[in-house]
Every structure is written in C-alpha cells, then in structure tokens.
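In what follows, a single structure is set out as structure tokens and then discussed.
Bear in mind that the values here come from a model prediction, so they are computed numbers and not experimental data. Numbers restart at 1 for each chain; the letters A, B, ... are given by sequence-line order, proteins then strands. Below, all heavy atoms of this structure are taken into account, side chains as well, without hydrogens, waters or symmetry copies.
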Amino acid sequence: MNVEQRNHLLMCFRLTYLADSMVNWCPALGTVLANDEVKDGVSERGGHPVVQKKMRQWSMRISAFAERLLNGLEQIDWPENIKEIQRNWIGKSSGATVLFNIEGHEGQIEVFTTRPDTIMGVAFVTLAPEHPLVSSITTPAQKSVVDEYVAQAALKNERDRQVNAKEMSGVATGAFAIHPLNGQKVPIYIADYVLAGYGTGAVMAVPAGDQRDWDFAQQHQIEIPLIFDNHDASESACSSKDVPLINSDFLNGLCGKTAFDKAVEALAAEEMGEVKTNYRLRDAVFSRQRYWGEPFPVYFENGISKMIPTAELPVQLPEVDKYLPTEDGEPPLARSQWKYQNQFVMEYNTMPGWAGSSWYFLRYMDPHNDRFIASPEAMQYWGQVDLYMGGAEHATGHLLYSRFWTMILHDLGHVPFAEPFQKMINQGMILGRSNFVYRIKDSNTFVSADLRKNYTTQRLYADISLVDNDKLDTEKFKQWLPEYAEAEFILNEKGEYLCGFEIEKMSKSKYNVQTPDELVEKFGADTLRCYEMFLGPVEQSKPWDTKGINGVYNFLRRLTRLYKNEQGESLMTLTPADKTSLQTLHRTIKKVTDDLNRYSWNTVVSTLMIAVNELTEQKCHSKEVLQDLVILLSPYAPHLAEELWETLGNTTSVLDAHWPVANTQFLEDDTFSYPVSFNGKMRYNIDLDVHLDAKAVESAVLTHEKTAHYLEGKPVKKIIVVPKRIVNIVF
RNA sequence: GCCCUGGUGGUGGAAUCGGUAGACACGCAGGACUUAAAAUCCUGUGGCCAGUGAUGGCUGUGCGGGUUCAAGUCCCGCCCGGGGUACCA
C-alpha cells in the first residue's frame, strides 16, 4: 500500500477521522452542526433551516462506543429519564442483515431487519432515495420518474418528510431483487419512508408484519403474502411477535426467537445474512466553520493530515482580518493563510463547543499543570464528579460526549475512571405566577375574578407588581397602561378586585417576571437562598410564588433574636443548656445531616424552623446550643451565619467550623406515645416506656380504660405490636 | 403511538423501610399590644355531621379493583398533567 492508501485505511479506524459524509449544514449559521444540535430540521440555536450536504469533515467515532455508553448507564446514579433519553438516542436494535441479489445486475442490496423470521413474507424491497444503487439499477422506462422523485426528496428536509408521513410516497425502479431463500423475484421501490442514515438505507418490506410496509403496499396495490396464522392482513399488519408463521416453508408453525434463529441460520448457510446489532447513534461531526474554537493541531502534507509534534503544542489561533467565512465559503481561519513551517496548510476548521465541555471538570483538579490535563495524583484524589447538578437539555449532547471522552481517556490510561459523573440531579425550572384581569366584552369595565362567570369576559395579563395576594391595586392599574386609564371595576362583596392566576414560564410578555434583585434588596440574599430551598424538592419545577417568602424572612429574624436583642446586644449565655434544648439541638443535627445527605434541601429548612420555634419557646440562649445551630444554618444563610458566628465570639470563619455530630443520648425520649388502632383505625394514644417489650405493651394496651369501649364487647382476635411504632387490635 | 415522570387541604409542600395523613410555611379567621398603622405575639384552620362545651362520629392522598392486622406508599386496570422521542425497518 502506498502512503495515501494506508492513510485512507487508517481513517476507517481512527477515533477522530476525516471523511466525506452527509452533514447537517446550516447556511444561516455558516457551519455544520452535530445531530444533537438539530431539532425538528432546524438549528437548536436560532431555529435556522438545516440541509443535508456532503462535506469533508472531522468526525469522532462515538458509534464505536455505543454498547459501552449503553452499559455504563447501569453504573451511574442518574435520573431515570436522562438515562432513558440516552438509551433512545443510542438506539440499540437487534436483528440481522440480509443480502438480496439483483436481477441482471452485479450488485447486492443489504438490508437490516429486526424480523428475519418474516423473511418468507417479503413482498418488495425498498431503498432510500439517496441509496447508492438507485441510479444503476433503475430501468430506462422508470428513469424519469425515479430521477424526479430523488430530486424532490433531496429538496425536503427531515421535517417536510414527516409532514406527509401518512402518504407513503414512492416509485418503482423497474428492477427486481431475488429472494435469498426461495429465489422469487420481488420489485424494488424507492421511498422516503426509508432513511438513508439508518441501518443500511434499505429494507425488506413485509407488509403482513410491519405497518409502514403494509401502508405502502396498500397505497401501491402490492399483493400481501400472508405469513401469520389466523391473520388476514386486510385491516392492518400483524403487530404481535408471538403468532405462528404459515406459508413460510421451513419456518411454518414457529414463532419468536426460535423462528428468528432458524431463519438467520438458513441465511447464514447461503452466506446471504447474519445476526447484526444496529445502533441509531451516529458518529459526531467534530469540526466547525468558526473562528472561536480550539484549533486542530493538524496540518496537511500532500493532502494527508499530520499531527503537530507534541513538543510544539499548544497551537494558537492565528490573527484574521474578519471573523467571517471567506468569499468562497472557506472557514474564517482560511483568511490567515495559516501554514505550518511556512509550507504546509493548516486545518482551517475549529473544534465544536463540546470539545471543551467534555473534559473541563478534569482540568479543575489540577488547573496549573502545564504538562498534562491533570496529574495522576490529583485525579486519584478527586476522582469522579460526585454530584452533577444540571439540566436535562444536555442529555444527548454534552452529557453523552463527556462520558465518551472520559471512556477514551480511561482507555488510554490517563484517567482512573470511565464514567465522569457519578450522581446527577436535574434541578426543576422556576416558573412564574401570572395574574389576570377580566374585561367585560366590548367595554372598559373589569370584573373581579370571583364574579366573572356572570359575564362574557376577555382575560388579560396584569403586571404582578400591581397585585398583592391576587388583589389588584386598581389605581395603579389605571396608571399602568394608557388604555386602562379610564378603566372601571366591578368589585366583589369585600370591595376587592380579585385577579385570576396561572403558573407558567416567566416571560416579559406575561408581565410575570420577578427578578431576584428586588427580593435581595427587600429581604437580603440569605432569605432568597433559604426560600428557594424551602419551595420544594430541587428536582421539581415550581412556581415562583413570593407570598411565602415572608415566612422564611420571619424565620431568619426569629433565629437572630435567639442571638441578639433588638439593640444588637448579644443574648448568649455560657450556662449549660438544659436537657430539652439539647434534645432539640441533637435531633436537629441528625435530621439536617440526614436530609442533606439525601438532597432533601427543602425539609432542612423546615427542620431548622422547628428548632428555632422550640428554642424560642424554651428561651434558650446557651452558647453550646447556638454555636452548633449556626453551623447547621451556614450552607443556607451564609452571611447571617457568619455574622452570628462572630457574635458568639469566634474569630475564625464559620465555614471552617466542624460539622456537628448528633449525640445519640439526646435522640430518644424515655417514653413513646403509641397510637392504638382498632381494625386499622387509630383511636387513641398511650404513653409507654420505650424499653417495654411487645408483651408488656400488649398488656398495657389491653388494660387501658378506652380499649373495652372500642372493642364493643367483642373478643380480641389478634393484636399486633410494632415496638416504637404502632399497636393494632383486630377484633 | 412509545418511553420517562408526576397527581396529597384554599396555596407551596411533609410523611425517608407498609405503621398516627396533612410536618413546616403561606393564606384566611379571631384575639392581645397600639390613638392608629406597621412590627410582634397568642388561638383556630382538610371536608361533612352531632354537641352549649371539653369532645365524639363519619369521610378523606386523581378514579376503579386487589394484597395486608395496617396502603399516600405494594400489585392490576383506567383517567389527567408535565417532559422526552419517533416513518429506526
């Protein structure tokens, strides 16, 4: 092999390779896009049209990692929906490839099918319009219709194809395929329901067993071979996989895996088919026609790509006069006439955004290392990212590419783990709470929401700054917009104008945007922070309803009053805390610590509120309690915590304090209040010593004065005692 | 269509392993303090019914079944909301 041939062969195996491939070209953005950057046929950023175009581009062979990316999901603690999105994107599908000879033609058509067992039901073969064999097999008689269909299909983007999905368009090529097992001739069609980019771009059509094939056969009046027992195929294809086959020669009476295996075996014996696993995941285009991106450390010598020697790295972006493509469509870097050693043309494409986002977290471990990503010691010390908090929108992009790169670096021995992010939580979106006023049709009169049923009204947004607790400030409303200056109002019985509301995304046009700035100004950053935590579980989307923020504000002020009086003088005492206060403290330490560990941040705030309520009631100002309490508070209200920490006489930061440990001796009461149920219905509570065994609890309950009353004179059938939980009497 | 989620008071939510449903907070109602307001504090607050009252009864976690001494929690079948995804052969 000469150098060129060898290079070409290597490109077929390299992790990052140059190849002519169909790419998503976005003319408006002037660059190619990866599959995950295209949604519904338009660019994710900006929504510009995207067309398919053949271009020479760098790609990364992520498809070679499909199986590992799939299996790796079992090892990581991620939300199920993200795992599912990745599984679908990888799109593993088990089946077989089958070869069809073509009558009077040397080539073969390779199809991918998940149902080789239905091989005897093949009625026709369909190629994608872009399939390479189309032009050579088409008969002269069909040439004009085929050419026209191919040309039309090329003009349609994926979105257009889907719009007329029900039509099942397609045309015959005039050519015939030879069935690999029974030698029968079946017609070859082209149709855009077959996608060039998936499988082999060709399918064996079995209308009796596949709904799309059935639809196509119906549309084009193709006879349907019946191959399923008790299924007449006049209404639809047979959707079940467990129906015995008929009219299928050696497969008759079989179904499921048995039939699958036997069919593949027969095909393999003829060398006309084999088991194949197919993935939807495509290799990822790795070059962009942009200036701002990492440059490739690559130059070209006689058309062959070569790496810049490691010792000469890093490669720096050259200066250009404009950050725009050249007049003849070359990437911006081409403006620089950039050359290596003044003679070899450099690669003018740059890397995409995901080149950097795939590994930046590794760099955090050792940011000043100028030899390597991070030292082995640093990587060993820090290990995987323990918790990744982020949005689900990166599921098929960044979150997949990061896993891919980490696997590569792990394989190369550079990183001690194969999965980058051990645990992930998707935070929910904070939604707005819009307010509405109701204008009576064809008038300038607005009716209170509770009375609007009596009128025909039009619902209009009212700026939330004009509304307090759903009550509209009618005077402010009139001043708000000129069109409302003369507005009149129908008030409810209480003389108030009540607004309607809805929970939706925040948006200027909905007048429901509440910026944190106003709240920080009014309540302080600590209150805002605590309130955001208090709203509900982090994973949940939730309304930004600011009504409740007062409650959190009050809590922090109540807490402060344990430490200082109104004049700012310390109330702290050095006398030992009494047992009740220590119980409050240690139960709080335990609950807060447990809740933090299970990411239940909203209940941490509740727990601290309960502690403050209890300590206020106990009039506890003991340093021994207050000191630990302020540490528990510090992740939630860091500024206040720091201030109170200082009030207690500390000279270091609260952030350096040790997290308190709950003392078990204060966690339990001497007595437990047993709920006593009769036939599962809770009737009364009885305080008993916690150390009593089940037998003793049982007799205490049975002799209790109320028990006889609830038994209604009937005998006890059974009594269940769960120590420190419940007693249930069955009668 | 398929996949993943979720559904609990007037509101946000709690109930972690099948064991007292509604913690905590908002809101609301009543009260104290105040010339008044704010702030603060106290009491009550799922629904229905009975009682002057303490209290008692029934009912209740989207709907219908089931398992269990015991179900918001587990199982089966539905309904509705949110998100993802698809001519994937």
Side-chain angles (χ1 to χ4, degrees), chain A residues 39 79-89 91-93 95 111-115 118 126 128 158 161-162 164-168 191-195 197-206 209-213 215-216 278-280 392-393 395-396 426 428-429 431 433 469-470 501 503 531 534-537 539-552 554-555 557-558 561 566 591 594-595 597-598 600 602-610 612-613 616 673-685 717-722 724-731:
Chain A
K39 290 256 154 72
E80 196 49 44
N81 66 319
I82 301 243
K83 289 190 181 185
E84 204 58 29
I85 291 170
Q86 291 205 347
R87 282 189 198 110
N88 291 340
W89 186 258
K92 181 175 181 173
S93 149
V111 304
F112 174 72
T113 176
T114 54
R115 300 290 306 276
T118 63
T126 314
E158 271 187 45
R161 280 196 183 189
Q162 285 168 27
N164 298 323
K166 289 281 167 291
E167 255 179 42
M168 303 306 287
D192 64 9
Y193 83 89
V194 179
L195 305 176
Y198 183 79
T200 61
V203 301
M204 58 177 224
V206 182
D210 182 283
Q211 193 56 45
R212 286 155 310 167
D213 295 344
D215 290 340
F216 190 88
N278 206 36
Y279 298 91
R280 201 191 83 111
E393 68 273 18
T396 56
N426 297 134
M429 201 193 306
L431 304 170
R433 188 179 191 278
N469 277 329
D470 288 340
F501 71 91
I503 308 299
Y531 184 55
F534 185 62
L535 272 177
E539 307 93 321
Q540 257 172 50
S541 283
K542 48 210 158 225
W544 186 230
D545 187 348
T546 54
K547 272 192 323 201
I549 200 165
N550 287 313
V552 176
N554 286 344
F555 150 67
R557 291 199 306 181
R558 270 165 75 86
R561 284 201 296 273
E566 301 291 327
K591 174 90 169 120
D594 289 352
D595 284 0
N597 286 333
R598 63 186 179 101
S600 177
N602 53 325
T603 55
V604 171
V605 181
S606 303
T607 306
L608 291 173
M609 284 175 171
I610 293 168
V612 168
N613 290 347
T616 302
S673 178
Y674 276 92
V676 181
S677 352
F678 292 77
N679 287 343
K681 281 188 186 181
M682 214 288 281
R683 294 302 185 178
Y684 68 88
N685 281 87
K717 277 190 198 151
K718 195 173 171 185
I719 176 162
I720 285 125
V721 176
V722 184
K724 285 190 273 178
R725 277 209 192 277
I726 200 169
V727 178
N728 190 17
I729 297 168
V730 187
F731 65 94

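Residues passing the salt bridge (Lys or Arg N to Asp or Glu O under 4.0 Å) test with K83(A), sequence neighbours excluded: none. Remark: S673(A) engages N685(A), D687(A) in a side-chain hydrogen bond (donor to acceptor under 3.5 Å, both in side chains) (not counting sequence neighbours). In terms of the side-chain contact (heavy atoms from CB on, under 4.5 Å) criterion, residue partners of I610(A) (sequence neighbours excluded) are, by chain and number, E614(A). Listed by chain and residue number, nothing satisfies the side-chain hydrogen bond (donor to acceptor under 3.5 Å, both in side chains) test with N81(A) (two or more places apart in sequence, or in another chain). Applying the side-chain contact (heavy atoms from CB on, under 4.5 Å) rule to L608(A) yields the partners F555(A), T588(A), V592(A), V604(A), L629(A), L632(A), L633(A); only residues at least two apart in sequence or on another chain are considered. Every residue meeting the ring-ring contact (aromatic ring centres under 6.0 Å, His included) condition with F678(A), not counting sequence neighbours, appears here in chain and number order: Y710(A). By the ring-ring contact (aromatic ring centres under 6.0 Å, His included) test, Y531(A) is found to be paired with W544(A), residues two or more places apart in sequence or in another chain being considered. A search for salt bridge (Lys or Arg N to Asp or Glu O under 4.0 Å) contacts involving D210(A) returns R212(A), not counting sequence neighbours. Under the salt bridge (Lys or Arg N to Asp or Glu O under 4.0 Å) criterion, R683(A) pairs with no residue, sequence neighbours left out.
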Would you list the protein and nucleotides 46-50 of chain B atom pairs, both N or O, that sit under 3.5 Å from each other?
none

Pick out the pairs of N or O atoms, protein on one side and nucleotides 17-24 of chain B on the other, that lie under 3.5 Å.
none

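Residues F731(A) and K717(A) have side chains not in contact (no heavy-atom distance under 4.5 Å, counting atoms from C-beta outward). In this structure, Q540(A) and L535(A) have side chains that are not in contact, with every pair of non-hydrogen atoms separated by 4.5 Å or more. Taking 4.5 Å as the limit, every side-chain heavy atom of M682(A) sits out of range of all side-chain heavy atoms of I726(A).
Atom CG in N550(A) sits about 9 Å away from atom P in rU40(B), given to the nearest Å. Distance CG (N88(A)) to C1' (rG84(B)): 8 Å, rounded to an integer number of Å. When rounded to the nearest whole Å, the span between CZ of F555(A) and P of rG12(B) equals 22 Å. Whole-Å rounding puts the D210(A) CG to rA89(B) P distance at 9 Å. The separation between K681(A) atom NZ and rC69(B) atom C1' is 15 Å, rounded to whole Å. Distance, N81(A) CG to rG83(B) P: 13 Å, rounded to whole Å. Rounded to a whole Å, the CD1 atom of I82(A) is 15 Å from the P atom of rC4(B). rG1(B) atom C1' lies 12 Å from atom CD of Q211(A), rounded to whole Å.
Only the P atoms considered, rC58(B) is 48 Å distant from rA36(B), to the nearest whole Å. Going from the P atom of rG7(B) to that of rC75(B) covers 15 Å, rounded to whole Å. When the C1' atom is compared between rG56(B) and rG66(B), the two are found 33 Å apart, to the nearest whole Å. Using atom C1' as the reference point in both rG62(B) and rU5(B), the two lie 15 Å apart (nearest Å).
Within the nucleic acid shown, K83(A) has no heavy atom closer than 4.0 Å to any nucleic acid atom. Using a 4.0 Å heavy-atom criterion, one finds that D213(A) contacts no nucleic acid atom at all. Contacts of Q540(A) with the nucleic acid, taken as non-hydrogen atoms under 4.0 Å apart, involve only primed sugar atoms and P, OP1 or OP2. Residue P537(A) is in sugar-phosphate contact alone, with no base atom involved, counting any heavy-atom pair closer than 4.0 Å across all strands shown.
A donor N or O paired with an acceptor N or O is found under 3.5 Å between the base of rU16(B) and the side-chain atoms of K591(A).
In the set rG57(B), rU40(B), rA89(B), rG57(B) carries the atom at the smallest distance from any side-chain atom of R683(A). In the set rC88(B), rC87(B), rG84(B), the nucleotide with an atom closest to the side chain of Y198(A) is rC88(B).
With a glycosidic angle more than 90° from 0, rC78(B) adopts the anti conformation. A glycosidic torsion no more than 90° from 0 defines the syn conformation; rG7(B) lies beyond that range and is anti.
A donor-acceptor pair shorter than 3.5 Å can be found between the side chains of R558(A) and N613(A).
Heavy-atom distances to RNA chain B give each of Y279(A) and E84(A) a nearest nucleotide, and the one nearer the 5′ end belongs to E84(A). Ranked by how close their nearest RNA chain B nucleotide is to the 5' end, N602(A) and T200(A) are led by N602(A).
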Secondary structure of RNA chain B in dot-bracket form (Watson-Crick or G-U wobble, distances below 3.5 Å, | marking inter-strand pairs)
(((((((..(((......[....)))((((((.......))))))(((((....)))))..(((((..]....))))))))))))....
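Taking 4.0 angstrom as the limit, R212(A) places none of its side-chain polar atoms (N or O) nearer than this to OP1 or OP2 of rG1(B). Within the structure, every side-chain polar atom (N or O) of R557(A) is placed at least 4.0 Å from both OP1 and OP2 of rA39(B). Phosphate contact (OP1/OP2 of rU85(B), side-chain N/O of R87(A), threshold under 4.0 Å): absent.
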